[in-house]
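Encoded as structure tokens, the structure appears first; notes follow it.
Below, read A as the first sequence line, B as the second, and so on, with proteins coming before strands; counting in each chain starts at 1.
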Protein chains: 2
Amino acid sequence: MLVPLPPVSDLTAHLGFWLRMVSNHVSHAFAGKLAAEGVTVAEWVMMRALYGKDPMPPSRLAEEMGMTRGAITKLADRLIGKTLIVRAADRDDGRAQTLALTPRGTGLVPRLAMLADRNDAEFFDCLMPAERTALEQLLKRLVAHGRITATPTE
Amino acid sequence: MLVPLPPVSDLTAHLGFWLRMVSNHVSHAFAGKLAAEGVTVAEWVMMRALYGKDPMPPSRLAEEMGMTRGAITKLADRLIGKTLIVRAADRDDGRAQTLALTPRGTGLVPRLAMLADRNDAEFFDCLMPAERTALEQLLKRLVAHGRITATPTE
DNA sequence: TCTCCACTGTTGCCTAGGAAACTAGCTCCG
DNA sequence: CGGAGCTAGTTTCCTAGGCAACAGTGGAGA
């Protein structure tokens, strides 16, 4: 005789499920737009982090982007290969490096920012202004409550 | 003489940014809890999809989970290696396979579902019931508007 | 000054998933 | 009934990131 299975909460019962579903989709769509410019989301985030700032050590980027230093090394290598950023030795500390946008990289950032604006509009313009605000406030509350710090890249 | 940089919208100006920030964090925390049971998020989603259902072809799982068939093959291989699911040849179609939970897999699903419940509570219990509802409605509206279908795993 | 330890960045090695080529079986149509 | 094309799943190659070991440099204390 068959024992009935214990009831199990549905996947869709979790807010985390819906959050991830929307987030994945929005990010994936954005990745597609960036790909047309030959850039990945992680590359965009790094370039945006460098834009308008002094040359920055990789360790700082690792912290801001929530990635390991190893991953930053490789990500930087790729951007250097595309001549979008440059790596330079730190003047004072023989161990340290700094990363900075090239002119070409600097010129690209505003174009990519436009794509980000457009992507956001594409998904969130269907909400009323008050709803957008409500969503933003809720998300920021969750960030604060969960002590969430890193810039998302994945 | 230095030309001032064009102003560029801040990363944090986008709802997609906050969405991803929270989503990543929630999922990462969940992944940590699952890891204690020796399971990944993708493995959990596959097991949950099989729970209480008839044996299912990989192609159907690929569709539901928003992954390629190739990825499903490998994911299934891993779960088979852990004796949590089994693969069987389809009775009628010589090409087709079916996947189904083993008794051990079936027994594990409720334990994992508890972890999912707990993870959701950890992040979202700080919201008032009305706020939870509001967030859920907004996310579901976005899903509907963006024609989003696949179960998120990444 | 020399030694030990901390810190910075880099380098394998490993995992996970996508894209596309490939195999095997099915189906339809001549 | 035989071949062309379709379909299901697998396999291969590639990318991206984490982890951990590593090398080189700096700094503090004996």
Of all the choices, D:dG17, D:dT10, C:dA6, which nucleotide is nearest to the side chain of A:Arg95 once you look at every atom?
C:dA6
Side-chain contact check for A:Lys74: nearest option of C:dC26, D:dG9, D:dG17 is D:dG17
More 5' along DNA chain D: A:Gly94 or A:Leu75, using each one's nearest nucleotide?
A:Leu75
For B:Gly70, which contact category applies under a 4.0 Å heavy-atom criterion: base, sugar-phosphate, or nothing?
base
Do B:Ser59 and B:Arg69 pair up side chain to side chain, a donor and an acceptor below 3.5 Å, judged on atom types alone?
no
Can you measure A:Ile85 atom CD1 to C:dG9 atom P for me and round it to whole angstrom units?
13 Å
Taken to the nearest whole Å, NZ/A:Lys82 to C1'/D:dT15 is 11 Å
What is the distance, rounded to the nearest whole Å, between atom CG of B:Asp77 and atom P of C:dG17?
12 Å
Please give, in whole Å, the distance from D:dG9 P to B:Met67 CE?
14 Å
Could you check which of D:dC13, D:dG9, C:dT10 has an atom nearest any side-chain atom of B:Pro58?
D:dG9
Nearest listed nucleotide, side chain of B:Gln97, among C:dG9, D:dG24, D:dG9:
D:dG9
Does B:Arg69 or B:Ile72 map to a spot on DNA chain C nearer the 5' end, using the closest nucleotide for each?
B:Ile72
May I ask you to say what B:Ser59 touches in the nucleic acid, namely base, sugar-phosphate or nothing, with a heavy-atom cut-off under 4.0 Å?
sugar-phosphate
I'd like to know if B:Glu136 and B:Arg132 make a salt bridge, using a cut-off of under 4.0 Å between side-chain N and carboxylate O.
no
Of the listed nucleotides D:dT12, D:dT10, C:dT11, the one nearest the side chain of B:Arg87:
D:dT10
Atom pair distance, as rounded to whole Å: CZ in B:Arg91 and P in C:dC26
15 Å
Please give, in whole Å, the distance from D:dG9 P to B:Asp90 CG?
9 Å
State plainly whether the residues A:Arg118 and A:Glu122 are in salt-bridge range, i.e. N to O under 4.0 Å.
no
Round to a whole Å and report the spacing from CG of B:Asp92 to C1' of D:dT7.
16 Å
Please give, in whole Å, the distance from D:dA8 C1' to B:Met56 CE?
16 Å
Per atom distances to the B:Asp93 side chain, the nearest of C:dC26, D:dC13, D:dG24 is C:dC26
Under a 3.5 Å cutoff, is there a donor and acceptor pairing between the side chains of A:His14 and B:Asp117?
yes
Counting side-chain heavy atoms from C-beta on, which of D:dG18, D:dA16, C:dG9 comes nearest to A:Arg78?
D:dA16
For the residue pair A:Asp90 / A:Thr98, report whether a side-chain donor-acceptor contact shorter than 3.5 Å exists.
no
